[in-house]
Amino acid sequence: MRFDGMPDWLPAWCREHLGDEPADVLFQSRQVSMVFGLRLVGGRDVVVKARPDEGRAASCVAAQSWLAERGFPCARPLTPVISVGTLGVHAEEFRPDGEVLHGDSPEIAERCATVFARLMAALADVSVAPPLPNPPWVRWDRTDAGLWPMIDFLDRRDQSVVPDHIVETAERARKRLLAADLPGVLGHADFEAQNLRWRGGQVWAVHDWDSLAWQPEAALVGAASGAFASSGPPTLAPIASSEAFLRAYQDRRGRVFTAAELEVAWAASLWMAAYNAREMALCGGGSAGADALRVQAAERLRRARV
């Protein structure tokens with residue numbers, strides 16, 4: 001049986017590792033990863049994810065499995081990561097339903113920060129190899145030359161379309177991040193509204209565990225404080241809402257960030273926003289993120305002390 005857009009290897013992979021073949025495609029997407037929602041012949045619904053295997057996927061899936069087994073609201077992996085050519089492939093349960101929480105108010109920021117604090121506290125108990133290299137939108141610690149992580153489909157485009165203020169902001173934020181003397185921890189690096197689902201006022205599912213990273217806690221929290229409201233094209237939350245996110249996170253974790261950690265948090269919020277704004281500029285996407293960055297950069301850089 002063949003389905004439009006389904007890789008040739010996928011039916012046999014499902015038969016071998018899930019004990020059944022696909023009967024229907026519920027959904028599919030192709031961004032950083034290929035994701036296929038499948039209904040198997042026996043009636044079971046599953047999700048199969050495939051991505052270029054950089055060696056980090058096994059740690060991401062192992063951490064996701066550890067959390068799911070302990071009741072954290074996320075899909076439970078059904079297989080480990082299995083190599084298919086240059087791809088790393090795994091299957092997980094289909095966890096449907098729930099709604100995206102829209103908005104960027106301080107109140108919504110506090111609700112999201114509470115979930116992020118719960119997530120980070122749980123990951124602190126997970127023992128896996130650091131999932132390196134980090135996702136490119138938090139890969140300010142690249143060791144080769146240049147400002148941005150090397151990504152062919154972006155690097156081939158006309159870089160002159162990227163506004164100067166995006167480049168300057170990224171350079172200054174990266175300078176502060178690289179000067180940080182803070183240990184790396186395991187954390188979710190794509191904590192956007194579109195990756196969370198809510199039911200009855202409670203978080204129902206956190207998705208996109210491919211985006212785990214190994215960076216200082218304050219940097220991961222800072223990135224989330226700027227990105228939590230993105231439910232479509234990425235943007236940057238208002239400063240007051242990022243401030244509320246950082247405050248609520250610290251309250252929930254029961255510890256206060258040092259002055260240096262707060263600087264790193266504000267710098268990380270800027271780096272991720274600048275990375276996203278550059279990609280949107282190169283790919284002809286919306287300008288909302290770049291506009292928000294232009295308005296907020298000076299104050300966020302001041303708080304980062306760069």
Side-chain angles (χ1 to χ4, degrees), residues 3-6 10 13-14 17-51 57 60-81 89-105 107-123 126 187-212 224 227-235 237 245 248 252:
F3 301 95
D4 291 341
M6 180 183 292
L10 187 51
W13 190 95
C14 291
H17 299 290
L18 299 173
D20 210 350
E21 290 192 355
D24 194 13
V25 178
L26 305 176
F27 64 86
Q28 60 178 296
S29 68
R30 295 172 181 261
Q31 297 181 8
V32 177
S33 300
M34 293 187 292
V35 181
F36 301 92
L38 305 174
R39 177 158 294 156
L40 303 181
V41 171
R44 183 168 52 145
D45 294 341
V46 301
V47 176
V48 176
K49 296 185 176 182
R51 82 290 285 165
C60 294
V61 172
Q64 179 184 352
S65 181
W66 194 95
L67 293 183
E69 289 170 1
R70 287 156 180 80
F72 190 86
C74 63
R76 179 176 60 88
L78 301 173
T79 72
V81 176
V89 184
H90 85 279
E92 62 188 41
E93 67 181 1
F94 182 37
R95 192 176 176 94
D97 302 327
E99 298 178 348
V100 174
L101 180 63
H102 295 280
D104 61 9
S105 68
E107 292 75 20
I108 289 178
E110 291 172 359
R111 290 180 63 184
C112 292
T114 297
V115 176
F116 196 68
R118 176 184 172 191
L119 182 159
M120 292 292 288
L123 285 175
V126 177
H188 199 297
D190 203 16
F191 195 74
E192 298 183 337
Q194 61 191 350
N195 288 329
L196 279 71
R197 295 294 183 273
W198 300 76
R199 286 200 327 190
Q202 301 295 318
V203 67
W204 165 246
V206 178
H207 296 296
D208 195 15
W209 294 93
D210 292 2
S211 294
L212 289 182
F228 74 87
S230 296
S231 57
T235 186
F245 190 107
R252 181 61 183 257

Among residues at least two apart in sequence or on other chains, which ones pass side chain to side chain donor-acceptor pair (under 3.5 Å) with [X]?
X	result
H188	none
D210	S33, R51
E93	none
E99	none

- prompt: So W209 and E92, side-chain contact (heavy atoms from CB on, under 4.5 Å) or not? Walk me through it.
  reply: CA-CA 11 Å; W209 294 93; E92 62 188 41; 5.8 Å; no
[atom1] of [X] to [atom2] of [Y]: how many Å apart, nearest 0.5 Å?
X	Y	atom1	atom2	value
Q202	T114	CD	OG1	10.0 Å
L38	D24	CG	CG	9.0 Å
C112	E192	SG	CD	11.5 Å
D45	R95	CG	CZ	14.5 Å

Looking at residues at least two apart in the chain, or sitting in another chain, which of them share a side chain to side chain contact (heavy atoms under 4.5 Å, CB included) with [X]?
X	value
S105	E107, I108
F27	V35, V47, F94
A229	D104

query: How far apart are the C-alpha atoms of L18 and R44, what are their side-chain angles, what is the distance that settles it, and do they pass the side-chain contact (heavy atoms from CB on, under 4.5 Å) test?
result: CA-CA 10 Å; L18 299 173; R44 183 168 52 145; 3.9 Å; yes
field: Test item: V206 and L67 side chains (from C-beta on) under 4.5 Å apart, heavy atoms
entry: no
Least distance between heavy atoms, [X] atom then [Y] atom:
X	Y	value
R252	A117	CG-CB, 3.4 Å
H90	P80	CB-O, 3.4 Å
R197	V100	NH1-CG2, 3.4 Å
F191	L196	CZ-CD2, 3.6 Å
W204	P96	NE1-O, 2.7 Å
F228	A237	CE2-CB, 3.5 Å

field: Counterpart residues, salt bridge (charged side-chain N to carboxylate O under 4.0 Å, His left out), relative to R118 (two or more places apart)
entry: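 For R118, no residue satisfies salt bridge (charged side-chain N to carboxylate O under 4.0 Å, His left out) once neighbours in sequence are set aside.
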field: Partner residues of E110 under the salt bridge (charged side-chain N to carboxylate O under 4.0 Å, His left out) criterion, sequence neighbours left out
entry: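 Only R247 meet the salt bridge (charged side-chain N to carboxylate O under 4.0 Å, His left out) criterion with E110.
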- request: Please check if the side chain of D20 supplies one atom and the backbone of G42 the other of a donor-acceptor pair under 3.5 Å.
  value: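 Yes: the side chain of D20 pairs with the backbone of G42.
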field: Donor-acceptor under 3.5 Å (R111 side chain, G201 main chain)
entry: yes
- request: Return the set of residues passing ring-ring contact (aromatic ring centres under 6.0 Å, His included) with H102 (not counting sequence neighbours), or none when no residue passes.
  value: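 Expected list: none.
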message: The criterion is ring-ring contact (aromatic ring centres under 6.0 Å, His included); which residues satisfy it with F36, sequence neighbours excluded?
response: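 ring-ring contact (aromatic ring centres under 6.0 Å, His included) check on F36 returns nothing, list empty.
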Indicate every side-chain donor-acceptor pair of residues 68-79 with a distance under 3.5 Å to a residue at least two apart or in another chain.
unit_1, atom_1, unit_2, atom_2, d
E69, OE2, S65, OG, 3.4
R70, NH1, W66, O, 3.1
T79, OG1, A91, N, 3.0

